Structures are given as structure tokens and as C-alpha cells.
Protein chains: 2
Amino acid sequence: MKKSELPDIQQNGGAQLMFDMLNEIGIIAQLSRTLLESRLGDGLTQHHFGALNHLVRLGDGRTPLEMARAFQVPKTSMSHTLAGLEKRELIRMVPNPEDGRGKLIYLTTAGRQLRDNAINTITPDIVAMLPQFGEEDASAVLPLLRKLRVQLDSARD
Amino acid sequence: MKKSELPDIQQNGGAQLMFDMLNEIGIIAQLSRTLLESRLGDGLTQHHFGALNHLVRLGDGRTPLEMARAFQVPKTSMSHTLAGLEKRELIRMVPNPEDGRGKLIYLTTAGRQLRDNAINTITPDIVAMLPQFGEEDASAVLPLLRKLRVQLDSARD
DNA sequence: ATCATATAGTACGATATCGAATCAAACAAG
DNA sequence: CTTGTTTGATTCGATATCGTACTATATGAT
């Protein structure tokens, strides 16, 4: 058996680089998720916060499917997340007047407040991290991450 | 009410940058996880693969707790993941001869093969992505991601 | 030796994730 | 209109995640 037949990613230097990068990204995502959720309390998850934040930033009155696509999650997952938010009265779901099958999602006052509180709670952690990480580095990395995200996104079947 | 009292992350330019970066990282992690798991089949998750890969790369005979720490997950989660791997006979769990409370995790032949197959299956996708993304950019981003990961990691309580 | 405390791991319960199946409404073709 | 297909959303079931509580062993102090 030749050495080159071994499934050894070390032999594909470039692939190794990408593997390592995606691995670091996975760990960072894991850590920041844990950090966020420890600040949110209740049973709120990253997805709950993400949905609220999305509605604040891009405006509410969106459909669940639209949100599922924005977050790259299956629509069943979004359905569940929205049900959790509705149960806590952080959003309202009303029938879509333009499509009898659909719904539209609106923030409640409590929903906006919870999102604002969460941001106020977390921002100091983020701000404290910035000078340590380096604002220049952050500025440099962000566009590259966007490029990678777009690329991965379009590689989806 | 003054405008500056609004909880608006736009007013903290630096924080916004970090938020956006972590957001992109979260989406990329999500996409690459989905990609990986679609290639793994069965009910195998990212964590299952990660555990097998860890054991191959750093050597087996490790303890569950050690692995939980390496992956930044609670030990109960690691316990569940390892139980899934053992049920599929991809690992063996034996009592730790040096600690009556503990166990040691060993790969089975099937476990090694599954990990190797997974890597062989995924590598072409990764390699195809590299020239598009740019090897230079990847080399530039990786150390910065490591720095961010280390920083987030040490910020954990 | 005894007892208190710490540590490795598991059991269990609440909730989350997500694919398959389902249902209702919209739409398209004739 | 009628029928077939597509689309928005939910239900259901299997599995995952993770906090709390628990068991068993180890360790440290006296």
C-alpha cells in the first residue's frame, strides 16, 4: 500500500487549512452561543434572540419562511422557535392578509424590550473584547468571513 | 428622551463590528455543520464526527471529561455523544485502570474507517472551495480566528 | 480509620432540532 | 370550474442538548 492511499488530510495542505478554519469557526460559534445564552436567561436560545433581533433590524411583519431562509434553518425549526416566542408573548403571529396560508410576525413591546435589554447586557462584553482583539483585525476579517459565508451558502443544493 | 438613550448598537461602532463578525461566524458554522452532516448520513452529527476525528488526531485512550473540555460542551452532552458512538460500535469504552471512577475511550476499526471515509467524502468539497476563497485569505484569517477563539475561551467564567 | 469534600460519569427531564408526513390555500392548465 | 402541483405552515417522532440530581470512587484533613 502506498502512503498516498492513506486518507490523510495532511497531504492536502490546502484542505487542511480550510478544515482548520471551519473548525475554529465552529468553536467560536459554540463559545459565543454559550455566552449569549447565559446572558439571556429563561429558556431563551440564540435562535430566539436572533429572531427578535432580525425583526428589530429589518422590520417586523415578515413571514416565518422568510425568516427560516434568513437563518439557514429548516422551516420546522423556525416554526418551533416562533411558537416559543409567541408563548412568551414576545411576538404576535397574525394571518397574512395577502396569503391565506401564511402568517406575519410582529414584535410586541415586551419583545422589543427583551431584545434591547439583551443587547445592553452583552455589549459591554463585546466592547471589552474589541481592543484586545484589535479593531483593525476585525475590520480585516469581516469581509473575508462574508465572502466565505456567501460561498458556502451558494454551494448548498 | 435623548437619542443617545436608545439601545442602538449602531452608536457603538466597534461593538457593531464584533456583533457582525460573530453573526457571520454563526452562520458559517451552521452551514458547514449542515454540509458535514448531510455527508455523514445515518444519524451521525458533527459531534460524533468531531469525537472520532479528535481520537484519531490526538490519539485514543482519552477520558470523556477530557473530550468534553476539548469541545467546550457539558460533560452530559459528551456522555450522550459517546453513548451514541458506542451503540454504533465506533468506539469502545473501558474502565480506566488508573481511576476507578473513570473510563477510557478507544476507537474501533469501524470507527477509524468511518472517520477516514467521512474525510475522503468531504475533502473534495473543501478543496473545490479553496481556490475560490483564496488560499492567501485563508492563511490570513486562520491565525486571527485562533486569537479570537483563545480570547473568548479565556473569557469564560 | 473516619469523615468531608471533590471528581468522573450517568440518569432523567425539559426543551430544541429537524426530517417526513400532513393540511390548507394558491396557482396553473385545460 | 376541475384537477394537479406548488407553497406556507404545523404536527409528530426520533434524536440531541444540557442542567440538576445522583452514584461511586478518590483525595485530603485530622
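No experiment lies behind these values; they were computed from the predicted model shown. First the proteins, then the strands, lettered A, B, ... as listed; each starts at 1.
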Inset, instruction - Take the protein atom CD of A/Glu37 and the nucleotide atom C1' of D/dC18, then report the distance between them rounded to whole Å. - result: 10 Å
Inset, instruction - To the nearest 0.5 angstrom, please state how far the CE atom of B/Met21 sits from the CD atom of B/Glu24. - result: 10.5 Å
Legend entry - Distance in angstrom units between A/Ile91 CD1 and D/dA9 P, rounded: 12 Å
Inset, instruction - Ignoring the backbone of A/Arg101, work out which of C/dA26, C/dT17, D/dT10 is nearest its side chain. - result: C/dA26
Inset, instruction - Look at the side-chain heavy atoms of Ile, Leu, Val, Met, Phe, Trp and Tyr, link any pair under 4.5 Å apart, and say whether A/Met93 and A/Leu90 land in one connected group. - result: yes
Inset, instruction - Look at A/Lys103 and D/dT10 and indicate whether a side-chain polar atom (N or O) is within less than 4.0 Å of OP1 or OP2. - result: yes
Inset, instruction - Using atom CD of B/Gln46 as one end and atom P of D/dT15 as the other, report the distance to the nearest whole Å. - result: 19 Å
Inset, instruction - Give A/Met93 one of three labels, base, sugar-phosphate or nothing, depending on what nucleic acid heavy atoms sit under 4.0 Å from its own. - result: sugar-phosphate
Inset, instruction - Measure from CG on A/Asp42 to P on C/dA14 and round the result to the nearest Å. - result: 16 Å
Inset, instruction - Give a yes/no answer on whether the side chain of B/Thr76 brings an N or O atom under 4.0 Å of OP1 or OP2 in D/dG19. - result: no
Inset, instruction - For A/Met67, answer base if it contacts any base atom (sugar-phosphate contacts may also be present), sugar-phosphate if it contacts only those atoms, and nothing otherwise; contact means non-hydrogen atoms under 4.0 Å. - result: nothing
Inset, instruction - Find out if a path of hydrophobic residues (ILVMFWY) with successive side-chain heavy-atom gaps under 4.5 Å connects B/Ile27 to A/Leu65. - result: no
Legend entry - Atom-to-atom span, CZ of A/Phe71 to P of C/dA16 - whole angstrom: 16 Å
Inset, instruction - Report the distance from atom CG of A/Asn96 to atom P of D/dT7, rounded to the nearest whole Å. - result: 16 Å
Legend entry - N/O (side chain, B/Ser77) to phosphate O (OP1/OP2, D/dC18) under 4.0 Å: yes
Inset, instruction - Report yes if a side-chain nitrogen or oxygen of A/His80 is closer than 4.0 Å to either non-bridging phosphate oxygen (OP1 or OP2) of C/dT15; otherwise report no. - result: no
Legend entry - Nearest-Å distance for atom pair CG/C1', residues A/Leu82 and C/dA16: 14 Å
Legend entry - Side-chain N,O (A/Ser79) to OP1/OP2 (D/dA9) below 4.0 Å: no
Legend entry - Of A/Gly100 and A/Gly43, the one whose closest DNA chain C nucleotide lies more 5': A/Gly43
Legend entry - salt_bridge(B/Asp60, B/Arg92) N-O dist < 4.0 Å: no
Inset, instruction - Would you mind classifying the nucleic acid contact of B/Asp99 as base, sugar-phosphate or nothing, using non-hydrogen atoms under 4.0 angstrom? - result: sugar-phosphate
Inset, instruction - Starting from C1' on D/dT17, measure out to NZ on B/Lys75 and report it in whole angstrom. - result: 16 Å
Legend entry - Selection from D/dA26, C/dG19, D/dA16 that lies nearest to any side-chain heavy atom of B/Arg33: D/dA16
Inset, instruction - Please report the closest heavy-atom contact between B/Ala118 and B/Phe49, naming both atoms and the distance. - result: CB-CE1, 3.8 Å
